[in-house]
Amino acid sequence: MIQDIDRIREDFPILSRQLYGRPLVYLDNTATSETPREVVEAVVNGYTRTKANVHRGVHTLSQEATELQEAARRKVAEFVNASSHEEIIFTRGTTEALNLVASSFGGMVLGEGDELILTVMEHHANIVPWQLLQSRIGFKLRVVPMLPDGSLDLEAYRSMFNTRTRLVSCCHASNVLGTVNPVKEMIAFAHTKGVPVVIDGAQAVPHIKVDVRDLDADFYAFSAHKMYGPTGVGVLYGKRSWLEKMPPYQGGGEMIESVSFEKTTFAELPFKFEAGTPDFIGISALSKGIEFMERIGIDNIAAHEHELLEYTTGRLLAEVPGIRIFGQAPGKCAIISFLVGHEHHYDMGMLLDKLGIAVRTGHHCAQPLMQALGVEGVVRASFAVYNTREEADLFIAALKRVAAMLS
Ligand code: PMP
């Protein structure tokens, strides 16, 4: 368990901000986590000490910047247990990682009349890139429904496979329901049918131990800014055997071996997928975000967040009349999406903000899931390692006050 949460909080200067004369209670961690000082310092050092473009110069600064970026790649590979750092592609975020897979891999394996399996709880980032491809190719989308507690209907999943199924793309954890999907079993089943699986891990990597080889995921995408890292950086893990066969996603500098107007050949992995100048300073700072998580221990982070989840959920259900919590699957991660009576999510979010509580409102980039839940939007409170029981108490007290004011 976490011993000294005050020490951890000191590492996050933003957490000592006051809003409207009250202490900030930041419960929008699913959208983005806050950033520890060591990550911010790595960014500052990058700009003040080592800024030079990577992989281009023989001069010292360029070599230092390159080494920092490549050390981050090795760190990420080790963190998710990839076979090789060459299987780690840096992107702008989960969104770009999923667009890369859809465009390059999807374009390679999906043909007209084929089928792709998604789930009802996907973020738009794991729906729209496939639809863009669909409009070019004409394959069919199959959507796995969920059970009343917010877990996936695995029987329906298994029954969706047929001879035209070419690919599955599924979130590891839902950004609305908190459901942690049994992706290892889902991948194993898909593989018995010869079908590769893409995992959107944006909400899993910050909260649970992810081992891409143990999962046997073909692709796994996540974002640095949700895991105590910098903004603007994401990761796509892909099995080397697939990455080698895939066409590049974008063209430009860095991703080529040689260029002529007659014929261009492409660079080796991972650079084939990294056209142009990457956010090399952000990438190197991601190392520090991972070190922060490793120092505390991912199991300790998970246990702490789970304790806050249980405590808050129990009190909300007992003390807030008319509350409906969306997503109660066993083993869910620390996300509480809810509505109270007929109150509008937006009104509740605005009033909570005035009491210093930062929660998110709306459809959470999951409109198909909102339709399945029969709502237009929900309020979402989500926890990270630095949140405390006192903050949970402040949130619950504020919510009770807001609910009373609105009713
Ligand atoms: N997938 C899920 C499950 C998410 O929660 C998010 C971020 N809300 C994304 C994808 C997109 O991540 P990003 O905006 O960092 O690209």
Side-chain angles (χ1 to χ4, degrees), residues 26-35 39 76 80 89-103 118-132 143-144 146 150-152 168-181 183 186 197-208 210 215 217 219-237 249 278-279 282-283 285-286 289 305 326-327 329 332-337 358-370 372-373 377-384:
Y26 185 77
L27 299 180
D28 193 16
N29 295 290
T30 299
T32 194
S33 68
E34 296 302 354
T35 313
V39 172
V76 171
V80 297
I89 316 287
F90 288 120
T91 65
R92 282 192 300 122
T94 305
T95 302
E96 190 179 44
L98 292 170
N99 274 276
L100 190 166
V101 183
S103 171
L118 299 177
T119 84
V120 68
M121 60 181 77
E122 298 311 316
H123 186 281
H124 296 165
N126 197 25
I127 300 174
V128 185
W130 301 109
Q131 289 176 324
L132 293 176
V143 181
V144 185
M146 61 182 176
S151 49
L152 273 185
V168 174
S169 192
C170 167
C171 60
H172 196 164
S174 157
N175 66 315
V176 175
L177 307 165
T179 307
V180 178
N181 290 317
V183 289
M186 293 170 73
V197 182
V198 181
I199 301 292
D200 169 357
Q203 296 302 340
V205 173
H207 308 290
I208 52 182
V210 170
L215 295 176
F219 297 92
Y220 197 102
F222 52 102
S223 296
H225 69 94
K226 294 181 195 287
M227 49 188 288
Y228 310 103
T231 58
V233 176
V235 174
L236 175 67
Y237 157 81
Y249 169 55
D279 182 355
I283 290 169
L286 168 58
E305 292 173 353
F326 300 91
K332 70 179 269 197
C333 55
I335 295 174
I336 306 176
S337 288
V359 291
R360 186 142 293 235
T361 59
H363 55 63
H364 309 278
C365 299
Q367 284 182 340
L369 175 60
M370 295 298 128
L373 293 170
V378 294
V379 186
R380 181 184 69 191
S382 52
F383 296 101

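All ligand and atom numbering here is 1-based and tracks the order in the structure.
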Checklist entry - Would you say ligand 1 has an N or O under 3.5 Å from any N or O of K226? => result yes
Item to check | Test item: V80 and F222 side chains (from C-beta on) under 4.5 Å apart, heavy atoms | outcome: yes
Next on the checklist: Does any part of the side chain of R92, heavy atoms only, come nearer than 4.5 Å to the side chain of D279, both counted from C-beta?
Outcome noted: no
Item to check | Close approach, H225 and ligand 1, non-hydrogen under 4.0 angstrom | outcome: yes
Checklist entry - Side chains of S223 and T94: do they bring a donor and an acceptor to under 3.5 Å? => result yes
Checklist entry - Does some side-chain heavy atom of M186 sit less than 4.5 Å from a side-chain heavy atom of V197? => result no
Checklist entry - If you measure every N/O of S223 against every N/O of ligand 1, is any gap under 3.5 Å? => result yes
Next on the checklist: Please work out, at 4.0 Å between heavy atoms, whether the side chain, the backbone, both, or neither of A202 comes within that distance of ligand 1.
Outcome noted: side chain
Next on the checklist: Would you say N126 and S169 are linked by a side-chain donor-acceptor pair, where the criterion is simply a distance under 3.5 Å?
Outcome noted: yes
Checklist entry - Between T91, T95, N175, T30, which one has a non-hydrogen atom sitting closest to atom 16 (O) of ligand 1? => result T95
Checklist entry - Counting from 1, what ligand 1 atoms have a heavy atom of Q203 closer than 4.0 Å? => result 3 (C), 4 (C), 5 (O)
Checklist outcome for this item: Between H172 and Y220 the two heavy atoms that sit nearest each other are ND1-OH, 2.7 Å
Checklist outcome for this item: atom 10 (C) of ligand 1: closest protein heavy atom, distance to 0.1 Å, is D200 OD2, 3.4 Å
Item to check | Nearest-contact summary for atom 4 (C) of ligand 1 - protein heavy atom, Å | outcome: H123 CD2, 3.3 Å
